[in-house]
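Below is one structure; the comments refer to it alone.
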Amino acid sequence: MAKLVPVDPFDLIIFGGGGDLALRKLLPALLHRHCDDQVSADSRIIAVGRTPTTREEYLAAARESVEVGLKGDSLDLTSWASFAEKVHYVELDVTEPASWSRLNELLAGNEKKVRAAYLATSPSLFGSIAAGLRDNQLITEAMRIVLEKPIGSDLASAKAINTAVGECFVESQIFRIDHYLGKETVQNLLALRFGNSLFEPLWSRQVIDHVQITVAEELGVGNRIDFYEETGALRDMVQNHLMQLLCLVAMEAPSSLDGDAVRDEKLKVLRALKKLDTADVKTNTVRAQYRAGAINGKTVQGYEQELGAASRTETYVAIKAEINNWRWSGVPFYLRTGKRLAAKHSEILIQFRAVPHVIFDDVKFGIKPNTLSIQLQPNEGVKLSIMSKEPGPGPFDLRPVALDLSFEEAFGIGYRDSYERLLMEVIRGNQALFMRRDEVEMAWRWSESILAGWGDSNQKMDSYVAGSSGPATAEQLIGRDGRVWGGDE
Ligand code: BG6
């Protein structure tokens, strides 16, 4: 395990402290950091919520969901007790000026500590919370503000949020979270590309045939259906997670790991993404919704049944994206993501070009192109598939074999949740793994071209059976180009 670098003492104020994200993700992440001695004795976690609750009641509820969040990881009671001492609860209605006084009291005299406000609330409150922090003189020099996605629901609303927060904080204080950037394998993509000289000369249209980015989920929309109905897969997953992954695969080497150096390169990729007009949207995108089906032998309802109404919201998207620059011209990036698919499975697959000429006359199954698969979930690792000779005295018989690196086997540890890394980066003030305003807005610009195309062409909504691998039209999208999802193995 990498050595742990201590972080400075901090006050982390979580707005939406009683919400799902805080209880299910942030508190378990902070407990782990506490167990690893990264949360100093004088650090505090101040959960802010509208519900009138005592600290004891909050801690009891928090402990219950932390236990669930830890998914069977033993919850060390001694650690919980010392962790709970650092957790406070403040009842606050952010739109009510008088109700800020308790938070003001708690923070008074702690101006020198790193202070971070984590906005785990609806984005419609981001502006008022930022203004409340400013009006109550709570913004210190070492303060950061963390914005949870979604940053808006389109370009205009994203701009409005960014402007409202930007009136109170400077960009170097604003940390826009995309939790995919905290995933170990995503960071390993940077290590793979820029910590090895092997891959970089291969990383272009001369050698790469195409790239696939898949984020498949087994879960449905659960208790978030109202949010989801307004959002859909393109806004929920593509605009942020998949586009961030695309940027990390496609970007040029940054000159350092400095926040702006990395983000400048990602922005150039977003700028070079070919906009899709209505005709492109028709041929190069698929949107679909799940019907009733079965997952792991269990019957599950279709999306409309769960919602109890007819719906035009997509739970699956596939897109053929193109990057207009010298490195990637002519190399399609196929993206797909969906809910209620056969299994949770996320990977980036780089398929290299086929050999230009086959010299093995006796090869039965043909020579398959090499693939490099960067697996994000469920097992994190990297797999390079190469053609190899079957052992034996007979003629040449080749088949693909994998050089397979499982991170868990190689490093002997399972990985922590991405929020652990990202929260510590917030306290350190390192923005490399967070999105800058221009990036978010550029990603919206591209996503909006797809949303507009769907609207203009009244594109039909395909469907797929829950528990399947997705709609047939997604197979056709890539099949038309003579390619298959999962690579030509
Ligand atoms: C969130 C989306 O950002 O990412 C969810 O809002 C989705 O709909 C989740 O389920 C997926 O994250 P992970 O880390 O489980 O792949």
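We number each residue from 1, following the sequence as shown. For the numbers below, each heavy atom of this structure counts, side chains included, while hydrogens, waters and symmetry mates do not. First listed ligand is number 1; within each ligand, the first listed atom is number 1.
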Steps toward salt bridge (charged side-chain N to carboxylate O under 4.0 Å, His left out) verdict (Arg483, Asp209)
CA-CA 10 Å; Arg483 297 170 175 128; Asp209 178 73; 2.8 Å; yes
What protein heavy atom sits nearest [atom], and how far away is it?
atom	answer
atom 5 (C) of ligand 1	Arg224 NH2, 3.2 Å
atom 6 (O) of ligand 1	Asp236 OD1, 2.6 Å
atom 12 (O) of ligand 1	His179 NE2, 3.1 Å
atom 15 (O) of ligand 1	Lys344 NZ, 2.9 Å
atom 7 (C) of ligand 1	Glu217 OE1, 3.4 Å

Please state whether the rings of His179 and His241 are parallel, tilted or perpendicular, taking 30° and 60° as the class boundaries.
perpendicular
In terms of the angle between their ring planes, are Phe83 and Trp80 parallel, tilted or perpendicular, with boundaries placed at 30° and 60°?
tilted
Using only heavy-atom distances, determine whether the side chains of Tyr464 and Thr315 contain a donor-acceptor pair under 3.5 Å.
yes
Among Phe175, Tyr118, Phe126, the one residue meeting side chain to side chain contact (heavy atoms under 4.5 Å, CB included) with Leu147
Phe126
From the list Arg340, Glu314, Glu304, side chain to side chain contact (heavy atoms under 4.5 Å, CB included) with Gln289 holds only for Glu304
So does Arg50 have more than 12 non-hydrogen atoms from other groups sitting under 6.0 Å from CZ?
no
Of all the heavy atoms in Tyr180, does at least one lie under 4.0 Å from an atom in ligand 1?
yes
Could you tell me which atoms of ligand 1, counted from 1 in the order shown, lie closer than 4.0 angstrom to a heavy atom of [X]?
X	result
Lys183	13 (P), 14 (O), 16 (O)
Gln377	13 (P), 14 (O), 16 (O)
Lys339	5 (C), 7 (C), 8 (O), 10 (O)

Before signing off on this row, confirm whether Tyr228 and ligand 1 have an N or O atom pair separated by under 3.5 Å.
no
